[in-house]
Structure formats: C-alpha cells, structure tokens
Enquirer: 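Sending over a structure as structure tokens; questions will come in a sec.
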Amino acid sequence: MKKKSIFLIAGIATLYFNNMYAQENPQDSIKTNSIDQVVITGNSNPKKKIESSTAISTFSAKEIQKQNPVSAAALLQRVPGFAVETSGGEVGNNLFARGIPSAGAYEFVQVQEDGLPVFEDGALQFANADNFFRVDNTVNRLEALRGGSGSIYANNSPGGLINFISKEGTNTFRGVAKLETSTYGLMRTDVNLGGALIEDKLFFNVGGFYRTDDGIRKTGFKANNGGQIKANLKYVFDKGYAKVYYKKLNDRNTFYLPIPLVQNGNDLKEFPGFDPNYGTYSYRTISQLNIPQAGGGFFSRDLENGIHPKVDVVGAEFKYDLGDNFTVLNKTKYTNIDMNYTGIFPAGGPQLAADFAAANGISGNNYQYSSVSSGAIMTPQYVQKLGFWAIDKQMNNFVNDLQFNYKFDKGNITAGFYKSNWKSHQYWNWSNILTTATDRPQLLNLVDTSLSPSDFGYSKTYNGVTNMSFLLRDSQIQGSLNDVYLNVDYNVTDQLSFNGGIRYSRDFYKGYGVNTISSNLNDSNLTTDGTHSFLTTTADDGMSVLGNKYTYWYYDISKVSYTLATNYKINRENAVYARFSHGFRSPNEEAYYNNMNDLSKIEPVYTDQLELGYKYYSRLFDVAVIPFYSTLKNLSFTDVYSDGTSENKFANTTNLGVELEGYARLFNNLLEVTFNGTIQNPKYNDFTGRNSDGSTFDYDGNSVRRMPKFYFNISPAINITKEWRTYVSMNYYGKRFQDEKNAQTLPSFTEFGAGMSYQLGKIRFAVDGTNIFNTIGITEGDPRAGSPTGDGIIMARPIMGAAARASITLDF
C-alpha cells in the first residue's frame, strides 16, 4: 500500500515539474462572480444568490469540471451541512442533511433534475436516488439547498433540495468531448453538443457518456460498465418557451460493503489477508449463484451485474406569459426504472473456523473445510458467512408541477399544484454463502467428519451455500401525492425583503406484502451431488416459499409545511437573513412494511428548523456563515439486518450547528482557496424503549449515529501561469458512533487529493489523484449486524484506496 502511494505521488510530481513553464486559461481559474449569480432552486423566481434567504451552494459546469468528481456523492461532499458517505462506489451512497440520521440513502433530501425528482422517493429499499443519476458533461450547474424552503417546493425534503440543471443549446454551437483513463482500468468517453436549429427559436442539446473500469477495489471483473444519453429540444416564442427532453441510463456498478478490520480505539489496521484499501468480498470467485427453489425451478444470479438500473425518462416544460404580469409554468415527467440489484452483504464478521463449525452443530475437531471449485481440503484460520442478496425492482413515476406566478411592484406571488403518482414493486431472494475471510475469497464447503456422506445433516453447505433462499420478499408500495403550495416574496425596500411559503400535502400511500412459509428440499427428487439427497445437508433447512396470503395496507397523510424568512441586503456585497421552517417526511418504505398490520405505530417525521445567515460576496472573497437549530420528532430507524429482520425504533433528535462556506481569490488570482465545513452537535432526545428481545434501552442524550460533529473540506489551488493550474484537497471527517448506544467508535480520518490541469488552446489536460496517502478511513460500520461491541475485529466500510485519473477535454 505504501509503495502505491509513493508511486502515485511521484507520478503527479513528475507531471507537475515537466510542465513548469506552461501557461493556463484564466477562465479556468476564476469562479463565476457570486455577486451576480442567480439561483432558482427553493425560490419562486430566479433570484440573485445574495438576495435569496436560503442556505444554498452552487457549482457551475466549469467548477464541476475542475473537481472532476468520481460520483454524484463525491461532488456533494463540497456542500456544507451534507455529511456524505462515498465508500459504496459510484452509486448507492448515503447523504445526511444537517445531522438528520437515517438508515441511509437520500431520505430527507430530494435529488432533482431540472426541478423535478429523479424519483419521487429517494430512499426506497435498495433504490438510493444516486442509483438513477450520473454526473457528466450534460450538467450545466448544481444548486444544493439545505433546509429552508425545501419542504415548500418538494415532498419529503425537509433536509434540502439537490437540483442538477441540464445544459441547453444557444445560438452559438458549442461542444465538449472528453477522454479519461485511470490507474484502475478506466476508459470513459463524454460528449456534449448544443446549438440552434433555428436561430433565436429552436435549440438543442444532446450528450452522454460511456465508461468501463475494473474498480478501485479489485473485483476480478468489470466493476462499472455502462452509460447514459440525454437530449433536450427547446422552442422559444414571443411569450415563453416549450421544451421536451429524454434520458436513457443503462449502467452496471459494483456496490462495496463492509470488510474486516482490526480496531484499537482510534487506530485501524488491516485484518490479516485483507487489503483495506483495495480488497473486497465482491470478487469473481464467488460471483455466480444457481440454486434450486423449494417451490420448483432454479434461482440464478450473477454478482457481476451489481446494481444495474435501466432508466427511461421523458419530460416536458412549458412557460407562457398570460399578460397583466401573470405567467404559467408547467413541468411534467415520466420515469420508468427496471433495476436488478446484486450485492455481497457480510452476515457478521469473520469467525474462527472451529467456532463456526461448533455454531453449526459440529463437535470438537470433527469438521472439514474444502474448496468448492477444486474439492481440495482447506484449513482456514477464519471463515466468513456472506449474504448473497438479490433484489429486483420495477418502478415508475409520473409527476406534474403546475404553477402560476404574479409579479407586482414589490414582489411576486407563486401558487402551484403538484401531482405525483409512483409505484415500486420489489422481489428479494437472499442466500448465505461460506468463504475464506480474505479478499479474493474462496467458496467453502463444510462437513461433519463424524458422519458418513449419506447421513442426515452430514454437510452444512450446498456448493458453498449455507442458507439457500432463506429470505424471500414480494412487496409493493404506491404513492399518490396531491399538494398545493403558495409562496410570497415581498420587498419592503431595496434592501429588506420577506418570504413566506406554505404547502398543503394530501398524500396517499398503499401497498402489500406477501406472506412466506418455511420449507426444504428433503422430499424432492433433487440431489446435492448427483448421489445424495438433500437430507444430507442443512443448507436447505428453512428455505422461504412465497404463499398466497397478502397483507394489504393503506395510509394517508394530511399535513401542512410552512416557512417564513427575511433577508436584509446591507450593501451590494453583504447580506443577512433569518428563516424558520416546518416540514415533514412521510414514513419510509421499511416502516410501512414492518408495521403493515398496525400502521398506528408510525407517524411522519416532523421537523422544525431555525437558521440565521450571513453572506459576503465580492470579487476576492465569498463567505457564508449559517448557524442553524433543528428538532425532529418520530424519526424511524429501519435498518435491515443480515438475517432479514429489521430494526423498528422511533426517536426524537435535536441539533445545533453552523455551516461555513468560503472562497478566496488572492494575489491577482494566483491563489484560490475553497472551503466548506460543518460544526454540529446532533443528539437523541426522549429515545427510550424496548428491543426486539424484550430488553430495555435508554439512549436519551446520546450522539446521533454516524454523524460527525465536525467535518470540512479545503482545497487550495495555484494558478502558476495563465494555462497551468495545480491543486490539493483535504477532506476531514470527524469521529462518529456507529450505533445509537454509542458503543462503537468510527475514528476521524483525513483524506488528501491532488491534481493539475494544463490548457493548450481549446484542449485541457488534467490529472486528478484521490486518497493519495492511502488513508484507512471508515464511513460506517456494519449496520446490518445489530449491536456492535467496539474494539477488536470489526466490520466496516472504508473509503477507496489511492487512485489517479488522467483526462483530455476538447471544448469547441
């Protein structure tokens, strides 16, 4: 690992000094002037950033290009108030807004494309919003809003709005083409073209990407393979415009889960035989699953497909000036998603070979492990039980947002009706397999040598499978959302303005779950090896079979969200604001499923937030300091454990914090520094109750799980010449606790990156390195393992090891 870090740093340094006399494009080194920057997210009309009474961060296409994020989650790490876990890979990552805990995903924020949701609920089981979105050169800018008016302009988004705004064509034909490679086998092509078909009238933009790579963690197969295409067509007429667009995403991504590490307080070391920076259990030697089913037939799965969404989106946008200061804007979109999800989820941590055998009913030394592939007898010190989880989801979402706007001398009024119908049907088939506790794991069989091969229970595995289809789930959830909203902006003076918004949500949810029964293959005519029946193995005991009994549930919500704010523009460069907001989040999918027989146990999550803000924008400095206080009530915890059961607890939380964001241009733009950070203290409040085993718990006053009290990112850059730019970045993530009872510490860590770019006319050359010192930093423990115990051998999900990417971009 140390050698890889040294080689990576040496490579970057070599390129650095080889280009000592180069020159750079000043456009690449000057951030868009924030004084004049206009934002639309969380506002009824486009508004200058300094006049918006919201906590909002913006990134232009050029700024995104300079950061060159490996995923949407990596880009969102640059937003204060968002604690982002990026260790899952390109997709499937988690984002926590302003200390709001959850099982993961994007539960309290809404991810949008052009003002409409990527999918209405961004936190469905195994359907994180970033599964269905990719950052490429079709993105014109990102606007990331925290708290504030999020609950007025979207559903289930009290934590904020993340809006990726697409490029559109102009009268000037423009294009960008990019080629990228890396130290981990990346080959990626991005293209975007935009222009006018009819000058001043009809504009187009089309773009997308395709890439394939081996993954930073070594899987033995193509970890990521696929791409997307996006296109829009916009017609402008005297009183408005009409736009249509389409997106096709077909991409496969490996999802990385916890691996074994050795922890001693804040010290993390590798578990013997497992590389913490590049190793993974998701390896090709265990990638195939083919097992008979108790109901007949076989179930087959290929780990190499990973998270594989096929997404089709069609949408339209129409704006028209009705006269007398009235305008109408209508946005509509239909999304269809067919996703296969396959991942390796550890079922606990490594166990000594003797202990695992004893736990499976083999006494003394009467156990024997062997390789499934070769049949050779093996003597591993540790073995690992792994969940081979397969989930299929069919999802669709039709959404329409109609709004009317009236402008008057002192402001404007916006009224809208939002309608969204969505459905998600999912099927789970989970098995457990047995492997060596190493990266590049080998599949194992286990037998009881005190018995003969024809005896009952002789084998504890079936070709390496310890529990065949132990969990099946067939369930569906549907949402019908009917919301009306009103927003008022009023300018008392040129400096002082008020904003107020209200949203009434009349939302309906329904679904079903199919019951299951346990069975086995003992009475079937199948054999384990062509000779012996399934009586000789315990692997099929407790197989799950879907029945014909359905439990139907129905839940409706009638709630009001509201916000009040004021903004005082001290002068052209300084402003202060204050905002109070009240919002809610509907119960999540797992909460419905766990309580479908008695939905009175669940309620929406209620949020109240107060924030104060100071903003300073000039040609040399951008500064935002935003203290905030939030309370949450009825927060649900619904982690799915490795045995298929779910946590089912409810808590209240409070959080007091401050978000910091800054940008400096110094010494005639020789030095640029960007900074964002968050200081907070999220705690549980009135969190007591009973565990599933009947024992009691009292977590009142404990720190909220997985939430750092302090995290920040700082990135200084030097524009050595007009064409040549180099940067370093430092990402610090503070100490956290894995669990509600604060038993397991997740130590703080610091990750460094570095890179440079050189502009030769219209061609840009760039090298970007991530985690260049090969830091071992864990973002989560193992939330599927139940209560952790602290130090020793732990399961955790570390950030990726050191890697570098090189790219060539042509702007034309």
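Counting begins at 1 with the first residue of the sequence.
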Enquirer: Not counting sequence neighbours, which residues clear side-chain hydrogen bond (donor to acceptor under 3.5 Å, both in side chains) with S459? List them please.
Expert: none

Enquirer: Would you check if N396 and W422 make a side-chain contact, meaning some heavy-atom pair closer than 4.5 Å?
Expert: no

Enquirer: Residues in side-chain contact (heavy atoms from CB on, under 4.5 Å) with A223, at least two apart?
Expert: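 So A223 forms a side-chain contact (heavy atoms from CB on, under 4.5 Å) with D213, T219, T254, Y256.
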
Enquirer: Thinking salt bridges, do E90 and R211 make one under a 4.0 Å N-O criterion?
Expert: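 Between R211 and E90 there is a salt bridge, with a charged N closer than 4.0 Å to a carboxylate O.
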
Enquirer: Excluding sequence neighbours, so at least two apart, what forms side-chain contact (heavy atoms from CB on, under 4.5 Å) with S475?
Expert: Q426, R473, Y593

Enquirer: Ring centres of Y278 and Y184 under 6.0 Å apart?
Expert: no

Enquirer: Salt bridge between K247 and E113, side-chain N to carboxylate O under 4.0 Å?
Expert: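 Looking at E113 together with K247, the answer is yes, because their closest N to O distance falls below 4.0 Å.
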
Enquirer: Determine whether a donor-acceptor pair (N or O, by modelled atom type, separation under 3.5 Å) exists between the side chain of N305 and the backbone of H308.
Expert: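 Answer holds: no.
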
Enquirer: Could you check if a side-chain atom of I778 sits within less than 4.5 angstrom of a side-chain atom of F749, using non-hydrogen atoms only?
Expert: no

Enquirer: With a 4.0 Å cut-off on N to O distance, would you call R134 and D190 a salt bridge?
Expert: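 Not counted as a salt bridge, because no side-chain N and carboxylate O are separated by less than 4.0 Å.
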
Enquirer: Is the distance between the ring centroids of F274 and Y281 less than 6.0 Å?
Expert: yes

Enquirer: Would you indicate whether the side-chain heavy atoms of R188 and F209 approach each other to under 4.5 Å?
Expert: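 In short, these two side chains touch, coming nearer than 4.5 Å.
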
Enquirer: Have a look at S87 and tell me which of N93, T779, N94 forms a side-chain hydrogen bond (donor to acceptor under 3.5 Å, both in side chains) with it.
Expert: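 It is T779; the other options fail the test.
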
Enquirer: Taking D768 first and then R805, would you say they form a salt bridge - that is, a charged N and a carboxylate O separated by under 4.0 Å?
Expert: no

Enquirer: Would you call the rings of Y550 and Y512 parallel, tilted or perpendicular, taking 30° and 60° as the class edges?
Expert: perpendicular

Enquirer: Strictly below 4.0 Å, N to O, side chains only: are R706 and E85 in salt-bridge contact?
Expert: yes

Enquirer: Would you please classify the geometry between the Y382 ring and the F271 ring as parallel, tilted or perpendicular, with 30° and 60° separating the classes?
Expert: perpendicular

Enquirer: Please confirm whether the backbone N or O of V313 pairs with a side-chain atom of T335, one donor and one acceptor, at under 3.5 Å?
Expert: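 Side chain of T335 to backbone of V313: no pair is present.
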
Enquirer: Answer yes or no: is there a donor N or O on one side and an acceptor on the other, between the side chain of T461 and the main chain of V465, under 3.5 Å?
Expert: no

Enquirer: Donor-acceptor pair, D782 side chain versus P258 backbone, under 3.5 Å?
Expert: no

Enquirer: Below 6.0 angstrom between ring centroids: does that apply to W553 and Y509?
Expert: no

Enquirer: Inspect the contact between R301 and D392 and indicate whether a charged nitrogen and a carboxylate oxygen are less than 4.0 angstrom apart.
Expert: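 Between R301 and D392 there is a salt bridge, with a charged N closer than 4.0 Å to a carboxylate O.
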
Enquirer: Taking the side chain as everything from C-beta on, heavy atoms only, tell me whether P309 gets closer than 4.5 Å to D338.
Expert: no

